[in-house]
Amino acid sequence: MTPVHKVAPSFNNLGLAQSLLAILADNKFTNPTPIQHQSIPAILEGKDVIGIAQTGTGKTLAFGLPILQRLAKSKGQALVLVPTRELALQVDEVLQKVGRSLGLKTAVIIGGEPSGRQIAQLRRNPQIVVATPGRLIDHMQQRTYSLEKIQILVLDEADRMLDIGFLPQLKQILAAAPQERQTLMFSATIAKAISELAARHMKMPFRIEVAPSGQTAANIEQEVFVIRKEDKMRLLEKTLTDHDGTVLVFSRTKHGARKIAAGICSMDRKAIEIHSNRSLAQRREAMDGFKSGKYQVLVATDIAARGIDVKDISLVINFDLPDNLDDYVHRIGRTGRAGKFGKAVSFATPEQRSDIKQIERLIRKTLPILTTPTLPPHRVGAAMPEDRERRFGSGGFNRNRQRPSGDRNSYRGSSKSPYHGTFRTPSRSASAGEGRLSGKSGRSQRHSFDYAPRRVSRRDYRGQR
């Protein structure tokens with residue numbers, strides 16, 4: 001019996017123009033991914049499309065290529081909505097890589113940048129606008145941008161936009177956009193709210209699901225350690241010691257991300273954090289440094305995770321399990337991209353065993369729970385935020401300890417302060433060097449000190465009472 005040889009899919013058979021095919025060949029894009037293979041012909045035909053595919057499967061080119069071809073035949077405009085600044089910059093980078101030689105003009109409308117620069121970009125009449133919903137609404141309200149030219153509207157990472165509370169803005173934007181438009185929606189998972197949004201604002205959408213919603217890539221090895229909260233940093237040190245590649249670590253909170261990054265730096269590894277409290281310039285510097293190899297480890301929160309598209313991330317560590325367990329799929333999707341092998345390790349506390357079960361139901365796979373290895377010794381002053389709160393209380397000051405005379409603010413920023421941990425001081429009296437958070441003027445701020453506590457004895461108070 002003659003064996004049947006399967007012919008690999010090709011961009012040449014999808015209806016793309018020769019100019020785009022030449023650019024794809026120059027950039028060594030040879031074979032389309034499944035989501036690209038199924039989406040491109042449908043979008044070229046003008047259909048509304050819902051595309052469900054795992055993270056890292058090339059969704060940007062799946063809608064970007066047909067959009068470039070369709071807009072070349074008209075004077076219209078496309079709007080791409082994304083949940084985060086990092087993803088907006090990433091989408092723009094991919095679109096420019098393909099469309100720059102064709103004279104493509106884009107505008108990136110995101111928070112953290114001067115609006116004047118964005119207004120200048122919009123006045124250039126760009127073919128594609130990439131925006132986060134909040135900043136786009138600002139421009140619409142200030143009448144510096146109108147949706148009247150929109151012919152194609154894309155919701156990229158739609159589930160994440162709903163998770164972080166963009167549903168009211170999305171409804172406002174969809175209502176303001178022209179009724180006669182093509183609407184595209186792409187995501188790694190699809191929830192009930194997304195289906196309802198599609199039913200209301202899309203016209204008989206063509207649904208493409210190249211993998212069941214929530215399914216993870218088969219080339220990602222997944223492991224779980226069940227460990228006490230106070231031992232997580234030691235397990236992280238052991239895991240990083242056993243691994244030489246590029247590592248992405250996920251934290252549940254911004255404060256935790258900062259602490260984890262500082263702890264990793266104390267292990268003689270170059271690490272940087274990225275979260276919503278960092279300025280756009282800081283976030284760009286972190287991403288550029290991580291891509292270039294300046295930093296071996298990037299510590300991120302979920303709010304910033306969707307824009308992390310770095311080649312060859314060999315290990316993802318869930319230092320904290322996500323609040324929204326659907327984000328587990330997006331997190332580990334940062335590794336094992338483009339068919340390469342990847343690994344994901346999750347740290348769970350004994351109280352989170354039920355969360356592990358929920359993740360297993362979501363991804364339709366049993367996660368192996370490994371025996372905790374021999375951990376390195378404790379590092380002095382390496383307590384994590386959870387330990388600090390347990391030891392010092394939510395206010396950051398242990399009232400059972402003896403309190404020295406004088407104003408505690410007089411010790412602020414001094415390594416000799418007997419107050420160890422965090423405490424609140426008025427932001428108006430805090431200097432930039434003391435860790436004051438920007439954008440919170442007039443509010444009580446939380447300051448952290450990472451030195452080891454100094455023992456306070458009765459001798460210290462003689463003659464002071």
Side-chain angles (χ1 to χ4, degrees), residues 43 47-52 59-60 63-64 67 71 76-92 95 106-123 125-205 276 280 302-304 306-307 324 326 439:
I43 297 174
K47 296 179 180 178
D48 285 7
V49 170
I50 298 176
I52 305 167
K59 293 192 289 291
T60 302
F63 63 77
I67 284 177
L71 293 181
Q77 193 176 74
L79 172 63
V80 182
L81 295 175
V82 296
T84 67
R85 305 169 186 178
E86 284 73 26
L87 186 55
L89 296 171
Q90 174 191 311
V91 168
D92 182 65
L95 293 175
T106 61
V108 180
I109 310 302
I110 56 179
E113 278 195 341
S115 59
R117 183 188 307 169
Q118 297 173 0
I119 292 172
Q121 291 180 352
L122 293 171
R123 286 175 178 170
N125 193 27
Q127 290 98 334
I128 301 178
V129 175
V130 185
T132 51
R135 179 50 69 95
L136 184 71
I137 292 291
D138 290 342
H139 281 280
M140 292 169 59
Q141 292 175 344
Q142 296 168 14
R143 300 190 178 182
T144 53
Y145 180 63
S146 171
L147 303 183
E148 60 184 11
K149 294 183 180 179
I150 296 299
Q151 291 186 348
I152 305 173
L153 195 154
V154 184
L155 304 182
D156 193 16
E157 302 285 9
D159 56 343
R160 185 57 180 162
M161 285 194 281
L162 298 185
D163 289 343
I164 59 181
F166 277 137
L167 182 58
Q169 289 90 338
L170 290 180
K171 288 181 176 180
Q172 184 177 345
I173 293 168
L174 288 166
Q179 292 296 314
E180 294 302 319
R181 67 171 189 271
Q182 183 179 13
T183 306
L184 313 174
M185 188 181 295
F186 286 84
S187 182
T189 60
I190 188 162
K192 181 180 179 181
I194 294 177
S195 300
E196 293 173 352
L197 196 67
R200 180 171 301 226
H201 297 281
M202 301 179 75
K203 300 175 182 177
M204 299 180 65
S276 59
L280 183 59
D302 287 309
I303 194 70
R306 296 299 178 96
N324 184 346
D326 286 344

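Here the side chain of Q182 pairs a donor or acceptor atom with the backbone of I43 at under 3.5 angstrom. In this structure, Q118 contributes its side chain and I110 its backbone to a donor-acceptor pair below 3.5 Å. Under the 3.5 Å distance criterion, the side-chain polar atoms of R160 are left unmatched by any main-chain donor or acceptor of S187. Under the 3.5 Å distance criterion, the side-chain polar atoms of T132 are left unmatched by any main-chain donor or acceptor of G134. Listed for the D92 side chain is no donor-acceptor partner under 3.5 Å among the backbone atoms of V108. For the pair E157 (side chain) and F186 (backbone), a donor-acceptor distance under 3.5 Å is absent.
When side chains are defined from C-beta on, L95 does not count as touching I67, because their heavy atoms never get closer than 4.5 Å. Under the 4.5 Å side-chain criterion, counting only non-hydrogen atoms from C-beta, L197 is in contact with L167. By the 4.5 Å heavy-atom criterion applied to side chains, S146 and M140 are not counted as neighbours.
For E180, the salt bridge (Lys or Arg N to Asp or Glu O under 4.0 Å) partners are K203, not counting sequence neighbours.
Residues A176 and L147 come closest through the heavy atom pair CB-CD1, 3.8 Å. Heavy atoms only, all atoms of each residue included: P178 and I150 are closest at CG-O, 3.5 Å. Of all heavy-atom pairs spanning M202 and P205, the tightest one is CE-CB, 3.9 Å. In terms of heavy-atom proximity, R135 sits nearest to G111 at NH2-CA, 3.7 Å. Heavy atoms only, all atoms of each residue included: I194 and A158 are closest at CD1-C, 4.0 Å. Across all their heavy atoms, Q172 and I137 have their closest contact at CD-CD1, 3.5 Å.
Here H201 contributes atom NE2 and Q179 contributes atom CD; the two are 9.0 Å apart, rounded to the nearest 0.5 Å. Here the CD atom belonging to Q77 is positioned 8.0 Å from the CG atom belonging to L122, to the nearest 0.5 angstrom. Rounding to the nearest 0.5 Å places CG of L155 at 5.5 Å from CG of L81. If you take CG on L89 and CG on L87, they are separated by 9.0 Å, rounding to the nearest 0.5 Å. Once rounded to the nearest 0.5 Å, the distance linking CD1 of I119 with NE2 of H139 reads 6.0 Å. The CZ atom of R200 sits 10.5 Å away from atom CG of L174, with the distance rounded to the nearest 0.5 Å.
L79 pairs with exactly one of I109, I152, L136 by the side chain to side chain contact (heavy atoms under 4.5 Å, CB included) rule, that one being L136.
Using a 4.0 Å cut-off between charged side-chain N and carboxylate O, R117 and E113 make a salt bridge.
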